[in-house]
Enquirer: 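Sharing a structure below in structure tokens format, with a few things to ask.
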Amino acid sequence: MIKQYSLRLPAYARGFHLITHHIEKVCKDLPSKGLVNIFIHHTSAGLMINENADPSVRADLNKSFDHLVPERMPFYTHTMEGDDDMPAHVKSALTGVSLTIPISGGRMNLGTWQGIFLGEFRDHGGGRKLTITVYGE
Amino acid sequence: MIKQYSLRLPAYARGFHLITHHIEKVCKDLPSKGLVNIFIHHTSAGLMINENADPSVRADLNKSFDHLVPERMPFYTHTMEGDDDMPAHVKSALTGVSLTIPISGGRMNLGTWQGIFLGEFRDHGGGRKLTITVYGE
Amino acid sequence: MIKQYSLRLPAYARGFHLITHHIEKVCKDLPSKGLVNIFIHHTSAGLMINENADPSVRADLNKSFDHLVPERMPFYTHTMEGDDDMPAHVKSALTGVSLTIPISGGRMNLGTWQGIFLGEFRDHGGGRKLTITVYGE
């Protein structure tokens with residue numbers, strides 16, 4: 001059994017945003033056992049699993065990514081789309097754009113403290129498109 | 001055919017640790033052709049595929065991650081759980097928590113020098129829980 | 001339905017290289033709906049999805065990775081295989097070695113600006129081996 005869903009997220013500000021509830025709303029009637037793949041169709045955003053409880057974690061993750069990949073590095077040549085653009089591509093390379101999560105007992109089998117995050121790396125990225133593929137039995 | 005296994009790793013010290021043998025012990029009777037997904041249910045640890053032969057590689061990987069994501073950065077606000085906690089969340093974002101590996105000829109089709117690693121990013125993380133999902137034919 | 005393909009890429013220079021066309025040439029007759037997994041059997045190279053249009057993006061990605069993971073860090077002990085070797089293992093940990101992409105309507109469902117990239121992190125890495133696993137219905 002394979003099911004596929006398309007999802008357009010609302011526009012988010014730059015940073016990491018918990019989107020587990022958006023995914024769960026789309027993925028109804030999960031199989032008993034299997035996997036779900038979540039894919040984001042963009043190159044200046046990413047997907048991440050991380051701590052879902054304390055908002056200070058996601059705020060510090062954002063500051064850590066800004067520190068790892070600063071704007072206006074002297075070696076950037078791809079500068080026409082704004083100071084936030086080239087760092088966004090690097091951050092997307094670091095998080096990746098695809099997550100695969102087990103399904104057990106008819107639910108996404110995330111750890112107690114795990115949530116699914118959008119990494120929005122542009123200042124004004126707009127709505128982002130996801131494809132969710134579920135398979136199992 | 002989908003099979004799913006649960007695995008609790010023993011507690012490891014901070015660093016990267018080869019766990020291929022733990023995975024292989026659990027995943028018996030693999031299908032001839034397919035994929036295996038390994039998922040870690042934590043946000044301060046990660047999974048990585050890297051060089052399995054020379055222990056100096058995993059030692060240098062650990063030092064490189066400590067260098068990339070230092071403790072006590074002045075912008076951290078999530079500091080209540082210890083100096084190693086916030087860096088652990090960032091390192092987990094960088095490695096990811098989910099690996100997908102092909103199965104060919106009834107075996108995990110890793111390269112000659114590839115091993116599966118736990119990235120334990122806490123000083124005292126304790127035993128870590130994995131879910132392994134195998135499917136194929 | 002599960003299909004598996006083996007692919008040997010030509011040798012590439014150090015840097016990020018668009019390989020979408022190599023993948024598409026191998027993956028003919030995709031199922032209508034499903035997933036494709038691409039796996040690279042090496043520990044000093046990686047796979048990434050990123051911007052496929054402007055070559056300045058991949059050039060800046062390469063410079064950003066060189067900046068994130070410099071050669072000759074004083075803490076490296078794994079130095080026998082050349083200055084480019086240990087950084088290559090770290091970069092491979094950062095990008096990962098496995099990509100999972102949805103198949104929709106019989107095609108890899110990449111975003112308009114998304115391409116599949118080889119991250120060749122050695123100066124002279126030689127041809128790299130991939131395994132591509134397709135499943136769907």
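Numbers restart at 1 for each chain; the letters A, B, ... are given by sequence-line order, proteins then strands. All of these numbers come straight from a predicted model, not from anything done at the bench.
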Enquirer: Under 4.5 Å from any heavy atom of chain A, what part of B/F75 do you find: side chain, backbone, both or neither?
Expert: both
Enquirer: Would you give the length of the straight line joining atom CG of A/L18 to atom CE of A/M48, rounded to the nearest 0.5 angstrom?
Expert: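 One gets 9.0 Å once the value is rounded to the nearest 0.5 Å.
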Enquirer: Decide yes or no for A/F65 and A/P87: does some side-chain heavy atom of the first lie under 4.5 Å from some side-chain heavy atom of the second?
Expert: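 Contact flag for A/F65/A/P87 side chains = no.
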Enquirer: Counting only non-hydrogen atoms closer than 4.5 Å, does A/F16 touch chain B with its backbone (N, CA, C, O), its side chain (CB onward), both, or neither?
Expert: neither
Enquirer: Just so I understand: if I count every heavy-atom pair under 4.5 Å between each of A/N50, A/L94, A/L68, A/T95 and chain B, which residue has the most?
Expert: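 Heavy-atom pair counts peak at A/N50.
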Enquirer: Between CD1 of B/I19 and CG of B/L9, what distance do you get to the nearest 0.5 Å?
Expert: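 Here the rounded value is 5.0 Å.
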Enquirer: Any side-chain heavy-atom pair from A/D60 and B/H89 closer than 4.5 angstrom?
Expert: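 Sidechains of B/H89 and A/D60: no contact.
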Enquirer: By number, which residues in residues 23-41 of chain A have some heavy atom less than 4.5 Å away from chain B?
Expert: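 A/K33, A/G34, A/L35 fall under the 4.5 Å cut-off.
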Enquirer: When A/R14 is tested against each of A/D66, A/D83, A/D85 for salt bridge (Lys or Arg N to Asp or Glu O under 4.0 Å), which residue passes?
Expert: A/D66
Enquirer: Any side-chain to backbone donor/acceptor pair from B/S92 onto B/A45? Under 3.5 Å, distance only.
Expert: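 Yes.
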Enquirer: Among residues 97-125 of chain B, which residues come closer than 4.5 Å to chain A, judged by heavy atom distances?
Expert: B/V97, B/S98, B/T100
Enquirer: Please tell me if the side chains of A/H17 and A/R58 come closer than 4.5 Å, counting only heavy atoms from C-beta onward.
Expert: no
Enquirer: Go through B/Q4, B/K3, B/M1 and name the one with the most non-hydrogen pairs under 4.5 angstrom from chain A.
Expert: B/Q4
Enquirer: Could you pull out the closest heavy-atom pair between A/S56 and B/T77, with the gap in Å?
Expert: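 Looks like CB-OG1, 3.6 Å.
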Enquirer: Hey, are the side chains of A/P10 and A/H22 touching, using non-hydrogen atoms and a 4.5 Å cut-off?
Expert: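 A side-chain contact under 4.5 Å exists here.
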Enquirer: Might you point out which heavy atoms bring A/R8 and A/G127 nearest each other, and give the distance in Å?
Expert: NH1-O, 3.0 Å
Enquirer: Any chance you could measure A/R128, atom CZ, to A/L7, atom CG, to the nearest 0.5 Å?
Expert: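 The CZ atom of A/R128 sits 13.5 Å away from the CG atom of A/L7.
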